[in-house]
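One structure is given here, and the rest of the page talks about it.
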Amino acid sequence: MKLDFNEIKIERSTTFKSQSFDIGNKRIILEILRGKMYSNPIQTICQEISSNARDAHHEVGKYTTPIEIKLPNKLDPSFWIHDFGPGITPERMSDVFIKYGNSTKRDDNGQVGGWGLGAKSGFSYSDTFTVVSITPENSKLIRREYLAHIDESGLGQMSCVKEEETTDPQGTAIVLYPKPSDWASFTQHVIRATVHWPVRPIIIGDPEFSWPEYKVAYKGDDWEIHDNSPIESVPYALISGIPYIINLRHLYPGG
């Protein structure tokens, strides 16, 4: 989405030399950005990565093509979110994906986000996650597998561990390996993040998976308010397909 930054005009004193704020310990700041600011890492991962996957489809005009989400199970404990968008070229990986604060979405209100943080949200749950991306090059499709990991420096590395020609479709998958005790929570938050999308994801990995019902209380242009969520029994608003819990104390502070 387009981000509005206020233009700041300052009248400076001639007796004081101005100095810019900077980052002294980059490791501490990256640790905060990787996860310490998220109260619910699993919810953040499911919401941010699925939204990024949907945005990838919008970027290439695939508005009616569903993304795919694989839930973990005993035979295959991986969790992944797969889109069929443009893929991530090595240049885009270097210039955008691995850099906090860089984004391709700031000139497009048709996409969610723009802060350059959500793609790295896998670090809020684990010290490692995998990115598999397929992009066209010289009339061929090239599959690259990257390992994102926290190294000894604490800053983190993105390493390309495999590169090969493929016939698989263009796109990107983000892969994590949740703890078995968190499998149900990943399923819960996948539902929470995507149940309201006009084009819901294709869910694989759980043959008994089903979408819950919900009730719309009020509806307007590009927004809805629901009586209660399929996950939380509280009122919430829906904006761009993403649910936001309504704190009734903010609506009725004296109630």
Side-chain angles (χ1 to χ4, degrees), residues 40-88 97 111-113 118-126 128-136 141-148 161-162 164-214 229-231 238 240-243:
N40 190 328
I42 296 176
Q43 176 181 317
T44 299
I45 289 168
C46 294
Q47 181 170 301
E48 294 290 338
I49 298 179
S50 63
S51 293
N52 284 348
R54 182 176 60 168
D55 284 344
H57 280 202
H58 291 179
E59 185 176 341
V60 296
K62 293 183 176 180
Y63 298 99
T64 59
T65 302
I67 68 169
E68 293 181 350
I69 299 180
K70 156 68 173 55
L71 301 176
N73 57 60
K74 291 182 179 180
L75 293 178
D76 181 357
S78 65
F79 169 83
W80 46 255
I81 297 179
H82 184 198
D83 70 65
F84 303 95
I88 304 172
F97 192 97
Q111 299 187 59
V112 178
K120 300 84 169 170
S121 60
F123 279 136
S124 66
Y125 181 82
S126 173
T128 63
F129 63 92
T130 301
V131 181
V132 178
S133 199
I134 298 173
T135 54
L141 287 170
I142 304 299
R143 180 188 185 275
R144 291 184 175 88
E145 185 172 329
Y146 298 88
L147 179 65
V161 296
K162 192 173 184 180
E164 61 187 357
E165 189 176 341
T166 184
T167 57
D168 292 339
Q170 187 172 342
T172 299
I174 309 296
V175 187
L176 293 95
Y177 287 85
K179 295 177 288 188
S181 58
D182 290 332
W183 289 357
S185 184
F186 271 85
T187 299
Q188 179 186 53
H189 286 293
V190 161
I191 293 172
R192 184 186 188 277
T194 65
V195 65
H196 307 292
W197 290 7
V199 180
R200 289 172 172 170
I202 294 174
I203 304 296
I204 23 185
D206 182 358
E208 298 182 0
F209 178 88
S210 63
W211 294 101
E213 298 295 328
Y214 61 90
S229 162
I231 305 303
L238 181 68
S240 296
I242 299 174

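All residue numbers in this chain count up from 1 along the given sequence.
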Original post:
What about the rings of Y63 and H58, do their centers lie closer together than 6.0 Å?
Top reply: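 Judged by ring-centre distance (under 6.0 Å), Y63 and H58 do meet the cut-off.
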
Flag, side chain of [X] to backbone of [Y], donor-acceptor distance under 3.5 Å:
| X | Y | answer |
| --- | --- | --- |
| Q170 | P86 | yes |
| K70 | S78 | yes |
| S124 | S121 | yes |
| R200 | V195 | yes |
| S50 | Q47 | yes |
| N73 | D76 | yes |

Does the side chain of [X] reach to within under 4.5 Å of the side chain of [Y], using non-hydrogen atoms?
| X | Y | value |
| --- | --- | --- |
| T166 | I142 | no |
| P72 | P178 | yes |
| W183 | P180 | yes |
| V190 | L71 | yes |
| S51 | I49 | no |
| I204 | F209 | no |
| I69 | W80 | no |
| K162 | Y146 | no |

Reported [atom1]-to-[atom2] distance for the pair [X] and [Y], which is rounded to 0.5 angstrom:
| X | Y | atom1 | atom2 | answer |
| --- | --- | --- | --- | --- |
| D206 | F186 | CG | CZ | 15.0 Å |
| S185 | N40 | OG | CG | 6.0 Å |
| Y125 | I42 | OH | CD1 | 5.5 Å |
| S126 | I45 | OG | CD1 | 8.5 Å |
| N52 | H57 | CG | NE2 | 12.0 Å |
| I81 | T194 | CD1 | OG1 | 8.5 Å |

**OP:** Take Y177 and F79, measure what ring pair (Phe, Tyr, Trp, His ring centres under 6.0 Å) needs, and give me the verdict at the end.
**Re:** CA-CA 6 Å; Y177 287 85; F79 169 83; over 10 Å; no

Original post:
Taking the six-membered ring for Trp, are F123 and F129 parallel (under 30°), tilted (30 to 60°) or perpendicular (over 60°)?
Top reply: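 The arrangement is perpendicular - the two ring planes meet at more than 60°.
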
**OP:** Measure across P169 and I134 and return the closest heavy-atom pair with its distance rounded to 0.1 Å.
**Re:**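 Here P169 and I134 meet closest at O-CD1, 3.4 Å.
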
**OP:** Verify side chain to side chain contact (heavy atoms under 4.5 Å, CB included) between I67 and F84, making sure each step is shown before the conclusion.
**Re:** CA-CA 7 Å; I67 68 169; F84 303 95; 6.0 Å; no

**OP:** Could you list the residues that satisfy side chain to side chain donor-acceptor pair (under 3.5 Å) with S133, not counting sequence neighbours?
**Re:**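 Residues passing side chain to side chain donor-acceptor pair (under 3.5 Å) with S133: T172.
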
Original post:
Would K62 and D83 count as a salt bridge (Lys or Arg N to Asp or Glu O under 4.0 Å) if you check the C-alpha gap in whole Å, the side-chain angles of each, and the deciding distance to 0.1 Å?
Top reply: CA-CA 10 Å; K62 293 183 176 180; D83 70 65; over 6 Å; no

**OP:** Begin from the C-alpha positions of R143 and V132 and carry the test side chain to side chain contact (heavy atoms under 4.5 Å, CB included) through to its verdict.
**Re:** CA-CA 7 Å; R143 180 188 185 275; V132 178; 3.6 Å; yes

